[in-house]
Number of protein chains: 2
Amino acid sequence: MTPSSPEPKAALLGQLYELFRRKGYDGVSIGDISAETGLGRSSLYHHFPGGKAEMAQAVLAFTRTTMEANFLAPLSSDAPLPARIGAMLVAVDRAYQSGEGPCVLAALLSASDDGPLSAGLAQLFQDWAAAIAASLTQAGVDAAEARRRAITALALIQGGLIIARGLKDRSAFAAALAAANATLVRAAA
Amino acid sequence: MTPSSPEPKAALLGQLYELFRRKGYDGVSIGDISAETGLGRSSLYHHFPGGKAEMAQAVLAFTRTTMEANFLAPLSSDAPLPARIGAMLVAVDRAYQSGEGPCVLAALLSASDDGPLSAGLAQLFQDWAAAIAASLTQAGVDAAEARRRAITALALIQGGLIIARGLKDRSAFAAALAAANATLVRAAA
DNA sequence: GTCTATAGATCGATAGAC
DNA sequence: GTCTATCGATCTATAGAC
């Protein structure tokens, strides 16, 4: 209803996304967010009356949107399997800056055991795994094997981010992505 | 010098290890630690004058000891490669309770970008990767390929923990461990 | 070596003016 | 929709008795 704000929230959501991703749920404070966005505390609570928890859920919804557009959509094209997988992995490499920073899903997972975020996170991981598996079954891979490979690939992506950051060696993320690609495109079991 | 304390710190360290592992560096407070250990705040600062940061570094040293004993030592035995790898993965599965909880390295990594913990964490990841790679080269795998496989396996372990927790499905961790095993023991490149 | 008590800073969140 | 000002709780850390 307020005509002055078509969608200023989009930029704000992007800033929240980056903050939660880099510092984790517990590591980011309202003061951090206020400093980063230039908005006062009360302005933030105007947009998110539920406070930090509501901000995290908004970030999760934002993540779902961008993930569906960047990771899942390429998997549904009618291109050959290697092209579909390659497109997803290129998007993943870009989204995570070649291993520079953490994944927002892992960052939110740290503090969400049985919290309200937990269900949404599980659904997002599940949808990602299902989209990869569906892409494999369409190429003739057995369903159970497709799910195993999808989970292996997701573990390689997430673990690759951790190892690259732990080792301070971004090439470890590239190696993990290469392994994920090999797992997903090798001949049907 | 105090005769009354041969090593009461061992139990304390184990409690700190579990707290940091499960809640992460940012997620654990001195109050949490006081409640969990039954020690007052001042007692904790008596043992760790540097506060939370010193506790985290003590946990890191504790982790190094247990990791060397449980993960790295089996890799140096004179058993065949599959037995050595299998022994490490069994120890990994046990240490992480089959995917129930996070790895303390990932938990400490979240808040350690360029912090004093960062170097110690990198060394621990590096030593782990080097031990795995050495085990492979001893079995005839090319050095560069051995390192790639070691990094892939570590990514699978770390990522498997994240995916299993995210999906709330511990079998995802088992699948990641199986993939790590396959990567490490398959025929030399 | 552990305790009670508390300082000083920062936390998440709110009130109310504009 | 943003601001200033602030509340009460919690945080890390310290002081000092025992």
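Naming convention: chains lettered A, B, ... in sequence-line order (proteins, then strands); numbering from 1 in each chain. What you are looking at is a predicted structure, and each value in this text was computed from that prediction instead of being measured.
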If we only count heavy atoms from C-beta on, is the [X] to [Y] side-chain gap below 4.5 Å?
| X | Y | value |
| --- | --- | --- |
| A/D113 | B/R165 | yes |
| A/L81 | A/S135 | yes |
| A/L75 | A/I85 | yes |
| B/L105 | B/M67 | yes |
| A/Y25 | A/K52 | yes |

Phosphate oxygens OP1/OP2 of D/dG1: is one of them under 4.0 Å from a side-chain N or O of A/S43?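 For A/S43, the contact criterion (side-chain N or O under 4.0 Å from OP1 or OP2 of D/dG1) is not met.
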Would you tell me if any nitrogen or oxygen in the side chain of A/H46 comes within less than 4.0 Å of OP1 or OP2 on D/dT2?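 Result: no.
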Which atoms of nucleotides 15-18 of chain D (N or O only) lie under 3.5 Å from a protein N or O atom, and what are those distances?
| from | atom 1 | to | atom 2 | distance (Å) |
| --- | --- | --- | --- | --- |
| D/dA15 | N6 | B/S42 | OG | 2.2 |

Between atom [atom1] in [X] and atom [atom2] in [N], what is the gap in whole Å?
| X | N | atom1 | atom2 | result |
| --- | --- | --- | --- | --- |
| A/D26 | C/dT10 | CG | P | 19 Å |
| A/K52 | C/dT10 | NZ | C1' | 12 Å |
| A/H47 | D/dG1 | NE2 | P | 6 Å |
| A/L44 | C/dA15 | CG | P | 17 Å |
| A/F48 | C/dG12 | CZ | C1' | 16 Å |
| A/I30 | D/dA5 | CD1 | P | 20 Å |
| B/K9 | C/dG1 | NZ | P | 9 Å |
| B/Y25 | D/dT12 | OH | P | 9 Å |

Who else is in the cluster with B/L156 when I, L, V, M, F, W and Y are joined by side-chain contacts under 4.5 Å?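 Answer for B/L156: A/L156.
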For B/F71 and B/Y96, take the angle between the two ring planes, folded into 0 to 90°, and tell me which bin it lands in: parallel under 30, tilted 30 to 60, perpendicular over 60.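 Correct class here is perpendicular.
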Just verifying a value: how many Å separate A/R149 CZ and A/I132 CD1, rounded to the nearest 0.5 Å?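 Reported to 0.5 Å precision, the distance equals 12.5 Å.
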Between atom CE of A/M55 and atom CG of A/L44, what is the distance when rounded to the nearest 0.5 Å?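 The distance works out to 5.0 Å.
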If you apply the rule side chain to side chain contact (heavy atoms under 4.5 Å, CB included), what do you find for A/L12 with A/F48, and how did you get there? CA-CA 11 Å; A/L12 179 55; A/F48 304 99; 3.9 Å; yes
Of A/D32 and A/P49, whose closest DNA chain C nucleotide lies nearer the 5' terminus?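 The answer here is A/D32.
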Please list all pairs meeting salt bridge (charged side-chain N to carboxylate O under 4.0 Å, His left out) that have one or both residues in residues 14-27 of chain A, counting only residues at least two apart or in different chains.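 Of all non-adjacent pairs touching residues 14-27 of chain A, those that pass salt bridge (charged side-chain N to carboxylate O under 4.0 Å, His left out) are A/E18-A/R21, A/E18-A/R22, A/K23-A/D32.
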Candidates D/dA13, C/dG12, C/dC3 - which lies nearest the side chain of A/R41: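 Nearest nucleotide to the side chain: C/dG12.
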Among the nucleotides D/dT14, D/dG1, C/dT2, which one has an atom lying closest to any side-chain atom of B/Y45?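 Closest nucleotide among those given: D/dT14.
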Side chain to side chain donor-acceptor pair (under 3.5 Å): which pairs involve residues 120-133 of chain A, sequence neighbours left out?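 The answer is A/R64-A/D127, A/Q123-A/D127, A/Q126-A/R147.
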Please tabulate the protein-to-nucleotide N/O contacts below 3.5 Å involving nucleotides 7-9 of chain C, giving atom names and distances.
none

Taking the axis from the first five pairs and the axis from the last five, what angle separates them in the helix from C/dG1-D/dC18 to C/dC18-D/dG1, rounded to 10 degrees?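 One end axis against the other gives 0°.
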